[in-house]
Structures are given as C-alpha cells and as structure tokens.
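To keep things clear, I will list the structure first and then write my remarks on it.
Just so you know, these numbers use all the heavy atoms, side chains as well, and skip hydrogens, waters and symmetry mates. Both counts, for ligands and for their atoms, begin at 1 and track the order of listing.
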Amino acid sequence: MTNSTAPTATAPSAAPDNRPYSPGLEGVLAGETSLSQVDGANGRLIYRGYRIGDLVEHGTYPAVANLLWTGDWDPAARMATAPVPDAVLATLRALPKTAKPMDALRTAVSAWGATEAPPYPPTVEQARALTAFSPSALAAFARIREGKEPVEPDPSLDLVEGFLYQLTGDRPEPATSRALDAYFIVGAEHGFNASTFTARVVIGTNSDIASAVVAAIGTMKGPLHGGAPSEVVDQLAKMGSVEHAEAWLRGALDRHERLMGFGHRVYRAYDPRAAALRKVAEGMEHKPDWLHLAIQVEDMALRLLAEKYPDRPLKTNVEFYAAPVLSGVGLTPDLFTATFSLARHAGWTAHVLEQAASNRLIRPDVRYIGPAERDLPS
Ligand code: COA
C-alpha cells in the first residue's frame, strides 16, 4: 500500500520562525485588564484606580472584593463565610491528616465545583459564593487534621473574622482580624501573575469558575509564587540572631540560593504591598518575637543583593512582611500559602469574570526546536 502523504527526503521544511520569544513571557503583553495596575518601575499598585495604601487604610476585604468584581466602591459591603457542603466535608475528612493545606484547599474547591456545578458564563454571585466558601473549607481541614470538629460559619462576622473564628473556635480580637484583613486586601489582586493567568486560560476555554480556581491554586502552590512566606520564617530561624544573619545571607548567596521575600518579576522598586504590610506588622498587638530580626535582616539582605546584582534591582517583596503578619495573627507557617490563596480568590474570580466578558481562547504559538522532519528508523 502506498501513502501519498508520506514525507520524502525532499519534503519542504517549515520556514524559520524568527518572531521574538521572551522566556517566561517576561515583558510580553498577554491581555488587557481594568482590575489593577502593577507599576513595577515606580513601586505602585492600584485596584481600579485606587491606591493600595488607601484601600488598606480605609477599606475592608469584602469592600475590595466587591470593587474588583463590580467596579463599585461600597465601603459598607459585607461578606460572611459560607457553610461547607456535606460532600466537601466528607471529602476533607477522607484526606490524610498529613495532606498539605494547599492540596486540601484545591481538593475542596474541586469538590465544591462538583457539588454546586456552577455553569458558564461565570457570574458575580458565583465569585462571591466561592470566595465565601473557601475560608470555611480551609478552616474545616485545619481542624479535622487536629482531630477537632469544624466550626459552623457565624453570618454576623465578616469574612476574615469568620475565617479566624472557624479556625480557632474563638472570636478573634478586632485588632487581630483587622491585621489579617489588611493582608487579604494586599493579597487580593496582582495583574497577570502566574496563578491569575492560569485562571484566565481555564475560563477562556468556557470551562467553569471552580475549575479556573482549582488550577490557580495548583499554580499558587509553587515556592516561586505563593510558597515564599513560610520559607521567610524558615530562613530567619536558620539565621537565628542578628549576629549570625550576615554570614548566613552571604553563604546562601554564594550557594546561589534565593533569599525568600526578595526580588520580583515586575517590581524593580520596593513592593508597595511590603510597605503596607510592614506598617501593619509593626502596629500589631501580638508581634512575633522575630519581627525585630526580620527588620534588620531586610537591610542586610538589600545591601548584599545590591552588591551581588548591581544591574538588577532586587527589593523586598510582599512575602517578607506577610510572614510576620500571618504569624502574628496566630497562623502556623504551613497555612500561609493557603491563606494567601483565600485572599487571592477575589482577584482570580474578578479576572475570570473579565476574561469571560470578552473572551478569546488563549492559545499562543510555540517555536519548534526539535529535529527536522525525518523517517522513523526501519
Ligand atoms: N535571592 C537571591 N537571588 C535572587 C533573588 C533572591 N530572592 N531573586 C532573584 N535573584 C537572582 C536570580 O537567581 C538571578 O540570578 P542569575 O542571573 O545569577 O541566575 C537574578 O537575580 C535575576 O533574577 P530575576 O530575573 O529578577 O528573577 P525572576 O524574575 O526569574 O524571578 C522571583 C522572580 C520572585 C521568582 C525571584 O526573585 C525569587 O525567587 N524570589 C524569592 C522567592 C519569593 O520571594 N517569591 C515571592 C514573590 S512575590
């Protein structure tokens, strides 16, 4: 049998593709958004035009989430945590107690999607329902793994207060929930970071909001994205004291290790979220005892990074001061990334809504660099 399409030795090769390629898509414009502007050169961040520092000072997470979803600034907007459906609770109980909180959260959102079956196109109501569900699910898992029963949501509490209540079983002090609320505001949205881009790719196929957030959680899990704050705590613990810090930092840089809480793909100036959280950390009632060490380590690390990379400004990023805030409100380091994910639900789901409102399937090209067309070995 002959195959008229079989390649021959003289088959034409594809024309060379000389279009520019940027590894990691760095600097590539891959969309348009009216949700936030990350001004990396000047270290500024705005959500729908409003400065992050002002939102932290005068807003609440529910008001900021509402702003991202609807474009309206309503400082009185409220959002309580939502109950966990029975099927999700059964799924969480079936997980090993040693499961990582990010894996548990990803599983919970997936089970929520299977239970609620939110249809395409995504809606603000779906975004709100999912954002209100996830804190309850994470709190439930955190208790189940300790052999405790989950705590039902209290609809009179706002989302962050409710999350802390469901985690501990006690109503948090107002100053504690206010500190975590500030963290949720700065964590809510940040342009085309890896997890948000992932969420947009998923919804771009006309899939559903739960699938988009499941994929985003999987992306957030990596230490180069959301895993840094717990590693900040680890690194500070390894340094131990101000006296040992500089030698430790130099050793890490000599081994080409990354200092957690420094550097950013977009910011070349001081991350404005780090500035806002440093204020919150310093004003907290229950500061972790290593906050003082962290402040001194920051100065040393900035000096050593500038020595090593004189042409590449590497400044403090949000994660450095997220660590003391999250510790100060009583969270264990293994809950840090999952708590960051709870905060980022507002941004993920707002991007999902924005993508769906003027969707074009996201499908870029890739340059082939493998062998030229050839015959299989006989
Ligand atoms: N500590 C030490 N060196 C660092 C560094 C850090 N935190 N961040 C970047 N560098 C080094 C890189 O290794 C690279 O060095 P090389 O050219 O010798 O390989 C150089 O600086 C330039 O890196 P850059 O292009 O700025 O990094 P990136 O855009 O690929 O990565 C991050 C950005 C955020 C992933 C990176 O800065 C990092 O890993 N930071 C630590 C983790 C962290 O805090 N993540 C939270 C981000 S909000």
To which protein heavy atom is [atom] closest, and what is the distance rounded to 0.1 Å?
atom: atom 42 (C) of ligand 1; answer: M260 SD, 3.4 Å
atom: atom 36 (C) of ligand 1; answer: R258 NH1, 3.2 Å
atom: atom 33 (C) of ligand 1; answer: R265 N, 3.8 Å
atom: atom 17 (O) of ligand 1; answer: Y309 CE2, 4.5 Å
atom: atom 18 (O) of ligand 1; answer: H256 CE1, 3.0 Å
atom: atom 34 (C) of ligand 1; answer: G263 O, 3.7 Å
atom: atom 41 (C) of ligand 1; answer: F262 O, 3.4 Å

Just heavy atoms, cut-off under 4.0 Å: does F320 contact ligand 1 by side chain, backbone, both, or neither? neither
Side chains of [X] and [Y], donor plus acceptor under 3.5 Å:
X: T176; Y: E285; value: no
X: H351; Y: T196; value: no
X: N317; Y: R273; value: no

Does an N or O from [X], backbone or side chain, lie closer than 3.5 Å to an N or O of ligand 1?
X: N317; result: yes
X: R312; result: yes
X: R273; result: no
X: G261; result: yes

With the 4.5 Å side-chain cut-off for hydrophobic clustering, are L68 and F197 part of the same group? no
Enumerate the atoms of ligand 1 whose separation from the nearest heavy atom of [X] is less than 4.0 angstrom.
X: L259; result: 1 (N), 2 (C), 6 (C), 7 (N), 41 (C)
X: L305; result: 1 (N), 2 (C)
X: E257; result: 2 (C)
X: L314; result: 4 (C), 8 (N), 9 (C), 10 (N), 21 (O), 26 (O)
X: E319; result: 46 (C), 48 (S)
X: L253; result: 2 (C)

Within 6.0 angstrom of [X] [atom1], more than 12 heavy atoms from elsewhere:
X: E257; atom1: CD; answer: yes
X: R145; atom1: CZ; answer: yes
X: K100; atom1: NZ; answer: no

Where does the angle between the aromatic ring planes of Y309 and H256 fall among parallel (under 30°), tilted (30 to 60°) and perpendicular (over 60°)? perpendicular
Parallel, tilted or perpendicular: which one describes the rings of H264 and H190, with boundaries at 30° and 60°? perpendicular
Side-chain contact test, heavy atoms from C-beta onward, threshold under 4.5 Å: evaluate it for Y120 versus S207 and give yes or no. no
Name every donor-acceptor pair, under 3.5 Å, that has one atom in a side chain of residues 213-220 and the other anywhere in the protein, sequence neighbours excluded.
unit_1	atom_1	unit_2	atom_2	d
T219	OG1	T198	OG1	3.2
T219	OG1	A215	O	2.8

